[in-house]
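Below is one structure, written out as structure tokens; the observations come after it.
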Amino acid sequence: MRILSGIQPSGTLHIGNFLGMIQPMLQSQEKGELFCFLANMHSLTSVFDPKHLQGYTNEAMLDLLSLGIDPQKSVFWVQSDVPEVTELTWYLNNVTPVGLLERCHSYKDKVAKNLPANNGLFSYPVLMAADILMYQSNVVPVGKDQKQHVEVARDIAIKFNQMYGEAFTIPEPRISDAVAVIPGIDGQKMSKSYGNTIDIFAPENQLKKKVMSIVTDPTPLELPKDPDKSVVFAIYRLFATPEKTADMEQRLRKGGYGYGDAKKELFSVLWDYFLPFRTKREELAGNLDYVAEVRKAGAQKARAAGTPTLDTVRRLVGTAR
Ligand code: ADP
Ligand code: TRP
């Protein structure tokens, strides 16, 4: 079973991304054949500074490799390193009804958030369909917001197969609802667009500052507190051992234990949790030649896996030599 996962390098990864996306992806690396790529051509719909795009891409390479993407087990590459995907996008464009794209919520949402209403943003789902179909993916794990895009890829694949003949595996979205939405330091959903994130690889003083600024209610120190209403506890329980979690829960309920102390414990748990990953990341950052090799080898593997599909499509549509 081939599992395909795409991540836009468009900002710094936070602990919501880690639990909501990266951890499930690492689990699928153990279960099936994982194809994982950095969707930097999709990032072009929102990142217009070339230095930022380069930077986010390089950082995301280091992030994912240090968090556990294993280039021996999985195919890991940067989308633009296999530009053939844009050729496939063009073939797909010509079987994609405009109405199908007009129904996509994501386009309207992004325009409402002031992203420019250009054709790249509008046809974003067609490039995403090409990503999925080029590699004959069976399963695409996505958050709820991306489910419609995988359905568009299915519709396009079915239409193409009917019009021209069998070229594509019909992919299935897999919605992970195992992990709840992680709250940010203000209690809303953690998201880079709300500026309320706790970043995975934040330096010590910055991590401390973020944790210390998590919202709390004004219950005085001596009074009992409801752990279910505490953002500090909601995050703590996701990273602490069951014993430590039960212990903090009890202390909050009992009273005489303040949020300041709870935050210090949360900081310490987060710092320790990501320690091995930080060490790995530092090692990789000191060995960028190796990272460049990994990037190159990943693109080669992805190209080898995708080229047969493209050859079939060229033959079916009539552009093959
Ligand atoms: P952001 O909201 O920070 O822009 P993205 O929309 O780029 O993050 O999300 C990338 C992935 O991370 C998605 O799979 C999404 O489901 C997951 N994710 C993002 N924020 C959270 C969160 N607060 N809790 C759980 N998962 C999240
Ligand atoms: N659109 C996805 C996101 O923003 C990223 C992505 C691009 C993707 N191509 C993909 C995800 C193909 C899965 C499959 O999260």
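Quick note: numbers below take in every heavy atom, side chains included, and nothing from hydrogens, waters or symmetry partners. Each ligand, and each atom within it, is numbered from 1 in the order the structure gives. Counting begins at 1 with the first residue of the sequence. Keep in mind the model is a prediction, meaning the values are calculated, not measured.
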TODO: Starting from the C-alpha separation in whole Å, work towards a yes-or-no answer on side chain to side chain donor-acceptor pair (under 3.5 Å) for Thr12 and Tyr56.
DONE: CA-CA 7 Å; Thr12 309; Tyr56 291 147; over 6 Å; no
Open item on the list: For Asp63, run the salt bridge (charged side-chain N to carboxylate O under 4.0 Å, His left out) check against Arg281, Arg278, Lys280 and tell me which one passes.
Closed with: Arg281
Open item on the list: Test your reading of the model: is there a side-chain donor-acceptor pair from Ser230 to the backbone of Val232, 3.5 Å cut-off?
Closed with: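 Such a contact is found between Ser230 side chain and Val232 backbone.
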Task: Ring-face cation contact, Tyr124 with Lys110, 6.0 Å cut, 45° max - done: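 Pair Lys110/Tyr124 counts as cation-pi.
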Task: Salt-bridge contact Lys244-Glu265 (side-chain N to carboxylate O under 4.0 Å) - done: no
Is [X] in polar range of ligand 1, meaning some N or O pair under 3.5 Å apart?
| X | answer |
| --- | --- |
| Ser191 | yes |
| Ile182 | yes |
| Val181 | no |
| Asn17 | yes |

Pairs under 3.5 angstrom only: tabulate donor-acceptor contacts from the side chains of residues 304-314 to other protein residues two or more places apart or in another chain.
{"unit_1": "Thr307", "atom_1": "OG1", "unit_2": "Arg303", "atom_2": "O", "d": "2.6"}
{"unit_1": "Thr309", "atom_1": "OG1", "unit_2": "Met134", "atom_2": "O", "d": "2.8"}
{"unit_1": "Thr309", "atom_1": "OG1", "unit_2": "Gln136", "atom_2": "NE2", "d": "3.1"}
{"unit_1": "Asp311", "atom_1": "OD1", "unit_2": "Arg314", "atom_2": "NH1", "d": "3.0"}
{"unit_1": "Thr312", "atom_1": "OG1", "unit_2": "Pro308", "atom_2": "O", "d": "2.9"}
{"unit_1": "Arg314", "atom_1": "NE", "unit_2": "Glu87", "atom_2": "OE2", "d": "2.9"}
{"unit_1": "Arg314", "atom_1": "NH2", "unit_2": "Glu87", "atom_2": "OE1", "d": "2.9"}

Open item on the list: Could you see if Val82 belongs to whatever hydrophobic cluster contains Leu53? Use Ile, Leu, Val, Met, Phe, Trp, Tyr and a side-chain cutoff under 4.5 Å.
Closed with: no
Task: Candidate with minimal heavy-atom separation from atom 4 (O) of ligand 1, of His14, Gln146, Lys192 - done: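 Of the listed residues, Lys192 has the closest heavy atom.
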Open item on the list: As an exercise, state the distance from CG of Leu92 to CG of Leu133, rounded to the nearest 0.5 Å.
Closed with: 6.0 Å
Open item on the list: Closer than 4.0 Å to some heavy atom of Lys189 - which atoms of ligand 1 meet that?
Closed with: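 Here the atoms of ligand 1 in question are 2 (O), 19 (C), 20 (N), 21 (C), 23 (N).
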Task: Distance filter under 4.0 Å to Met190 heavy atoms, resulting ligand 1 atoms - done: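 Checking each atom against Met190, I get 20 (N), 21 (C), 22 (C), 23 (N).
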TODO: Let me know which protein residues bring a heavy atom to under 4.0 Å of ligand 2; chain then number is fine for ordering.
DONE: Leu4, Gly6, Gln8, Phe37, Ala39, His42, Tyr124, Met128, Asp131, Ile132, Val140, Gln146
Open item on the list: Using a 6.0 Å cut-off, check whether atom NZ of Lys209 has over 12 heavy atoms from anything other than its own residue.
Closed with: no
